[in-house]
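In what follows, a structure is listed as structure tokens, so that the remarks can point back to it.
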Amino acid sequence: MKYHLMIAIPVGMVLSTLVSDLPEQTAAKSGPMCTPAVAQAEPSSEQTSEKVVPLQALVEPDQTSPIEHKLLTLSAGQSFIALLKPFGLSDRQAYKLQKLMAPEVDLSKLPVGQKVKIEVFEGQLHSVTVAIGFAQRLSISMTGEWQKRRYQLDTRPAQAVHDVAITQSLYESLIADSVPLDVVNQSITVFSHFVDFQREIHRGDALTLMYDKAILMTKDGLEQQLEQAGQLRFARLKNQGEDLAVYHHDAEGAHSGFYFADGRPAQSFLLKTPLNGARLSSKFGNRKHPILGYTRLHAGLDFGAPVGTPIFAAGNGTIGKAGWGGGFGNRVVIRHANGYETLYAHLNGFAKGMKPGTRVKQGEVIGYLGNTGLSQARHLHYEVHKNGKPINPLSLKHVKQQRLSGSQLASLQQRIVRIHQNPELDQYVTNAVSPGK
């Protein structure tokens, strides 16, 4: 009996210690329900392996010290390295960690409030994990041969419906109804082809939307949002007694986009105004340049708006230039079909991924309004060129687009049937709506 008591007490203490950490260890095991993608750092004196080794294999079976799981938050003025220093991070490890994570995340530019998940074993860092996007994680195991892996948390697809009464501007009404910003931009882009939002939207109008979203199924403490909005599928605008209903059609190439129910394209070739809520401050034509002091052709339109206002691609195309453009400051040039090009100048900065060769869709954010280059005040300078010659965007003639037919039209009609089978949408859209103007 005495022998058994002597054994039971230490074991009980160990079990108590392990149980206290059990929920976090369980979460760590259940969190990465994913398919890992492994990358390798450049060779160094410490080898980095491409193999994904289970955490249990890195700890000897007879170890009695538990692994501590901690969730850290980056404070204002604090660097990522300073955040980890109290947990035994050496300068050599810090350099290797930065280099290993660099392709996916710049540790010097993490925002205040960034969550970092670490494991500590016997006073030393065991692993570091950060979020690199919605449901996307990057984890570095720092024991033995360092291992790096990317993985995705489980999500499930869903759809959301909003029925919004217009009480102020369209943008403000949608934001007040908690419509995600990306969906707001898609909605504005769709209806900007038919409606002047500054003059033709009135109190009492209404907008019904249905869009895809992904919902996070696994929480690991690093999540900044539990769901992410995706493609706008259906939009119906009741504007002064008239109904405009459009549907998104998934297809390869030029056929992808929004259409009326009869297969007519619900978008023009190019947007006349590639931003929302802006004031036209200077038109196309000869004028005295406010900085250079002499008269010359003003080959585009100027729009005044707050710094940081998102700038949209005027049409589907490919980025030709994205960088400094002399007097244009930060500028983007997009090549479109039929010999058209658009230019966006004096930007404050560029949207992520904007570089020559990148394909963009109409309405996609490409940059942000600024005051760079030969600019006297914050504004967007927007030009449209046809076969190398500038044309007035406001007088841009409609470029004929082909109506869907055959299998493409059949596919759209099948999509429309599925959209109207959504019971939540049926609360607001119970009757067949007109296909538009």
Side-chain angles (χ1 to χ4, degrees), residues 17-40 49-59 66-74 80 83-84 87 97 100-107 109-121 125-143 146-162 178-183 210-233 352-353 422 424:
T17 303
L18 291 175
V19 169
S20 68
D21 282 336
L22 185 56
E24 291 196 12
Q25 293 185 48
T26 303
K29 291 178 182 179
S30 62
M33 294 190 290
C34 57
T35 303
V38 183
Q40 185 177 16
S49 172
E50 291 193 53
K51 298 179 181 178
V52 177
V53 181
L55 185 60
Q56 293 87 339
L58 301 175
V59 183
I67 295 176
E68 297 180 73
H69 301 263
K70 297 181 180 294
L71 191 62
L72 311 178
T73 304
L74 195 66
F80 180 82
L83 181 68
L84 299 184
F87 303 96
L97 194 61
L100 202 55
M101 285 187 161
E104 289 85 5
V105 59
D106 185 345
L107 297 182
K109 296 182 179 179
L110 293 179
V112 173
Q114 171 81 42
K115 301 291 185 182
V116 180
K117 193 174 183 179
I118 65 171
E119 293 178 334
V120 180
F121 181 68
L125 276 173
H126 196 276
S127 70
V128 177
T129 305
V130 296
I132 54 173
F134 175 73
Q136 300 287 329
R137 302 293 182 260
L138 177 64
S139 184
I140 308 294
S141 175
M142 301 169 61
T143 59
W146 285 30
Q147 284 111 31
K148 167 183 176 176
R149 66 170 179 148
R150 291 183 59 171
Y151 61 90
Q152 182 170 332
L153 302 181
D154 283 349
T155 61
R156 68 176 178 86
Q159 291 180 322
V161 174
H162 286 259
S178 300
V179 177
L181 183 59
D182 182 56
V183 177
M210 188 180 87
Y211 58 89
D212 294 337
K213 65 179 181 178
I215 299 176
L216 196 63
M217 298 294 291
T218 307
K219 299 178 184 179
D220 61 356
L222 297 176
E223 63 276 353
Q224 294 182 329
Q225 59 190 90
L226 299 179
E227 57 184 55
Q228 184 178 51
Q231 178 63 54
L232 177 65
R233 291 294 173 187
K352 187 176 180 180
N422 185 307
E424 189 177 359

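Nothing fancy with the numbering, it's 1 onward along the sequence.
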List the steps, then state whether side chain to side chain contact (heavy atoms under 4.5 Å, CB included) holds for L71 with L222. CA-CA 8 Å; L71 191 62; L222 297 176; 3.7 Å; yes

Go through L74 and V116 one step at a time and tell me if the side chain to side chain contact (heavy atoms under 4.5 Å, CB included) criterion holds. CA-CA 8 Å; L74 195 66; V116 180; 5.8 Å; no

Residue pair D220, R137: steps toward the salt bridge (charged side-chain N to carboxylate O under 4.0 Å, His left out) verdict: CA-CA 10 Å; D220 61 356; R137 302 293 182 260; 2.7 Å; yes

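Counting only distance, with no hydrogens or angles, the side chain of E223 and the backbone of Q225 share no donor-acceptor pair below 3.5 Å. One N or O on the side chain of K148 and one on the backbone of L100 form a donor-acceptor pair closer than 3.5 Å.
With sequence neighbours excluded, the residues that form a side chain to side chain contact (heavy atoms under 4.5 Å, CB included) with Q231 are Q186, D212, R233, H248, F258.
Counting all heavy atoms, side chain and backbone alike, L216 lies closest to F134 at N-CZ, 4.0 Å. For the pair M142 and W146, the tightest heavy-atom approach, listed with the atom from each and the gap, is O-NE1, 3.3 Å. Between I215 and A158 the shortest heavy-atom distance is CD1-CB, 3.8 Å.
Between the CE atom in M217 and the CZ atom in R156 there is a gap of 6.0 Å [rounded to 0.5 Å].
A 4.5 Å side-chain heavy-atom check between L84 and L97 finds at least one atom pair inside the cut-off. Using a 4.5 Å heavy-atom threshold, the side chains of M101 and V128 count as touching. Using a 4.5 Å heavy-atom cutoff, the side chains of T143 and F121 are not in contact. Residues E119 and T129 fail the side-chain proximity criterion, which asks for heavy atoms closer than 4.5 Å.
Note: H162 and Y211 have parallel aromatic rings, judged against thresholds of 30 and 60 degrees for the angle between ring planes.
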